[in-house]
Amino acid sequence: MPELPEVETTRRGIEPHLVGRNINRMVVRNGRLRWPIPDELPAWAQDQTIVRVERRSKYLFLVLERGTVLVHLGMSGSLRILLDDPTPNKHDHVDLELDNGTRLRYHDPRRFGLWLYTETDVHGHRLIENLGPEPLTDSFDFDYLYPRTRKRKTKIKTLLMDAKLVVGVGNIYANEALFLSGIYPHKLAGRLTKAECHSLVSNVKSLLAMAINQGGTTLKDFVGADGKPGYFAQSLNVYGRAGLPCRLCATLIKEVRTNNRSTCYCHQCQS
DNA sequence: AACGGCACCTGGTCGC
DNA sequence: TGCGACCAGGTGCCGT
């Protein structure tokens, strides 16, 4: 579910409610996520103060006094701030009870997410250390991208979704960025022109920035920390629009499979 | 090293 | 109405 804009929307939503608060108790109802939640995590987190909330790639870091909790939302996860204690449903797997009576509740039907922790520098964590640059920083630019496409025989869409190249671009935004740049998703990365790489860098940045400003994309079940959906879905040009007319040329949008993921594109606008 | 495929899990939708 | 097949926003890991 959540790509970078949805995770950043979540971060912005929860941060003001968490920073400076003490964790009274961590309740794990079902710890069988992508990896099991460590048995000792609740006791370790208890009575620690939350210093700040960061995002790296699609991971959220709850920075505590003596280490960091890593949270990933997987395909179907969400985090909400609750002002009271409504009865949890069967997919509300984790609660962080804070010292002012509010709580952070983790909901994840498919349980592809994760809650792990480290007592050392989180950027050196094995899941984090080999990630590529953040797309919205200056470290992701033409001079970075272009040489990394040379001699690559993989499809540009596959490369764009590879977190070792650049983080945060999942299936929706890969489809959308390629449309904005007029690039056929199955074009081999090594065949991109310099102009196409310039365009792709530019469009990835503006696309993600706009999506964040709209509170992310809600196709089905994504909600921000306040429980409200994002509004970027109405701005999508190709994803979820197979069979509908292209907004630029009215040609019907096609849908094909790329490494078992759906790929939507305009045959006329993208080559 | 680079690349493609699979698994992990639940729930919604579609066709018969 | 019921049932099975298939699909879904991620990504680490495995085999080639």
Side-chain angles (χ1 to χ4, degrees), chain A residues 1-10 29-37 55-60 70-79 89-94 106-116 125-132 135 147-178 185-191 207-208 211-212 214-224 229-243 255-264:
Chain A
M1 144 187 142
E3 301 185 33
L4 187 150
E6 292 73 45
V7 178
E8 178 61 20
T9 295
T10 298
R29 296 184 196 84
N30 184 350
R32 304 193 64 81
L33 305 184
R34 174 152 202 203
W35 287 291
I37 297 178
R55 180 192 57 73
R56 171 78 175 102
S57 182
K58 298 168 192 167
Y59 291 87
L60 288 168
L70 293 80
V71 180
H72 197 289
L73 303 178
M75 292 271 270
S76 60
S78 58
L79 287 167
N89 87 9
K90 69 171 177 172
H91 299 302
D92 293 336
H93 305 309
V94 180
Y106 174 73
H107 175 86
D108 185 6
R110 291 176 73 181
R111 289 189 280 120
F112 283 179
L114 65 82
W115 281 65
L116 298 174
H125 191 280
R126 68 179 190 92
L127 295 176
I128 306 299
E129 64 179 351
N130 294 320
L131 293 173
R148 283 170 177 76
T149 61
R150 294 306 87 184
K151 300 189 177 173
R152 294 295 300 266
K153 293 188 176 1
T154 194
K155 299 172 174 95
I156 183 57
K157 185 196 176 215
T158 305
L159 186 63
L160 203 50
M161 292 175 66
D162 181 353
K164 289 193 293 298
L165 178 87
V166 61
V167 302
V169 183
N171 200 35
I172 296 178
Y173 298 110
N175 277 302
E176 294 299 315
L178 290 166
H186 287 186
K187 186 164 189 170
L188 299 189
R191 303 221 131 159
L207 174 70
L208 295 177
I212 290 170
Q214 300 281 314
T217 298
T218 296
L219 290 180
K220 189 166 173 281
D221 52 11
F222 171 75
V223 291
Y231 294 99
F232 195 69
Q234 62 200 48
S235 303
L236 298 179
N237 285 297
V238 285
Y239 188 87
R241 297 195 68 247
E255 179 166 6
V256 296
R257 300 240 114 207
T258 309
N259 301 341
N260 228 13
R261 313 294 304 271
S262 72
T263 294
C264 305

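Since the structure is predicted, the reported quantities are computational estimates derived from the model, not experimental observations.
- Within 6.0 Å of CZ on A/Arg191 lie no more than 12 heavy atoms contributed by other residues, nucleotides or ligands.
- Comparing the P positions of C/dC6 and B/dC6 gives an interatomic distance of 14 Å, to the nearest angstrom.
- A donor and an acceptor atom, one from each side chain of A/Lys155 and A/Thr258, are nowhere located under 3.5 Å apart.
- The distance from atom CD1 of A/Ile128 to atom OH of A/Tyr59, rounded to the nearest 0.5 Å, is 5.0 Å.
- Of all the heavy atoms in A/Phe112 and A/Arg34, the pair that sits closest is O-CB, 3.5 Å.
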Dot-bracket for DNA chain B, please. Rules: Watson-Crick or G-U, both distances under 3.5 Å, ( ) within the strand, [ ] when a pair crosses earlier ones, | for another strand, . otherwise.
.|||||||.|||||||
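- Here, C/dC7 and B/dG5 have their P atoms 15 Å apart, quoted to the whole Å.
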With 3.5 Å as the limit, what N/O pairs link the protein to nucleotides 9-11 of chain B?
residue, atom, partner, partner atom, Å
B/dC9, O4', A/Arg110, O, 3.4
B/dC9, O3', A/Arg111, NH2, 2.7
B/dC9, O2, A/Arg110, NE, 3.0
B/dT10, OP1, A/Arg111, NH2, 2.7
B/dT10, O4', A/Pro109, O, 3.3
B/dT10, O3', A/His91, NE2, 3.3
B/dG11, OP1, A/Lys90, NZ, 3.1
B/dG11, OP1, A/His91, NE2, 2.5

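- Considering only side-chain N and O atoms, A/Thr217 lies nowhere under 4.0 angstrom from the phosphate OP1 or OP2 of C/dG9.
- For A/Arg32, the CZ atom sits in a loose shell: 12 or fewer heavy atoms of surrounding residues, nucleotides or ligands are nearer than 6.0 Å.
- If you measure from atom CG of A/Asn259 to atom P of C/dA8, you get 13 Å, rounded to the nearest angstrom.
- Rounded to whole angstrom, the span from the CZ atom of A/Phe222 across to the P atom of C/dG10 amounts to 12 Å.
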Please write out each protein N/O paired with an N/O of nucleotides 12-16 of chain C under 3.5 Å, distance rounded to 0.1 Å.
residue, atom, partner, partner atom, Å
C/dG12, OP1, A/Tyr59, OH, 2.9
C/dG12, O4', A/Arg34, NH2, 2.8
C/dC13, OP1, A/Arg126, NH1, 3.2

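- The minimum heavy-atom distance between A/Ser57 and A/Gly168, with the atom names listed, is OG-N, 4.2 Å.
- Across every non-hydrogen atom of A/Leu131 and A/Arg56, the tightest pair is O-NH2, 3.2 Å.
- Protein atom CZ of A/Arg261 is 13 Å distant from nucleotide atom C1' of B/dG5, rounded to whole Å.
- At the heavy-atom level, A/Tyr239 lies under 4.0 Å from the strands shown only through sugar-phosphate atoms.
- When all heavy atoms of A/His107 and A/Asp92 are compared, the pair lying nearest together is ND1-OD1, 2.7 Å.
- With rounding to whole Å, A/Arg148 atom CZ is found 15 Å from B/dA1 atom P.
- Heavy atoms only, all atoms of each residue included: A/Ala233 and A/Thr218 are closest at CB-O, 3.6 Å.
- With a 4.5 Å cut-off on side-chain heavy atoms, A/Leu178 and A/Thr263 do not count as touching.
- The side chain of A/Ser262 contributes an N or O atom lying less than 4.0 Å from OP1 or OP2 of C/dG9.
- When each of A/Asn175, A/Val169, A/Asp162 is checked for a side-chain contact (heavy atoms from CB on, under 4.5 Å) with A/Lys157, only A/Asn175 meets the rule.
- Summarising the geometry, the separation between NZ on A/Lys151 and C1' on B/dA2 is reported as 14 Å, rounded to the nearest angstrom.
- Summarising the geometry, atom CD1 belonging to A/Ile172 is positioned 12.5 Å from atom CG belonging to A/Leu4; distances are rounded to the nearest 0.5 Å.
- Atom pair A/Phe232:CZ and C/dG9:C1' shows a separation of 14 Å (rounding to whole Å applied).
- Between the C1' atom of B/dA7 and the CG atom of A/Asn260 lies a distance of 12 Å, rounded to the nearest Å.
- To the nearest whole angstrom, the two P atoms, one in C/dA5 and one in B/dA7, are 16 Å apart.
- Atom-to-atom, NZ of A/Lys157 to C1' of B/dG4 comes out at 14 Å; the value is rounded to the nearest Å.
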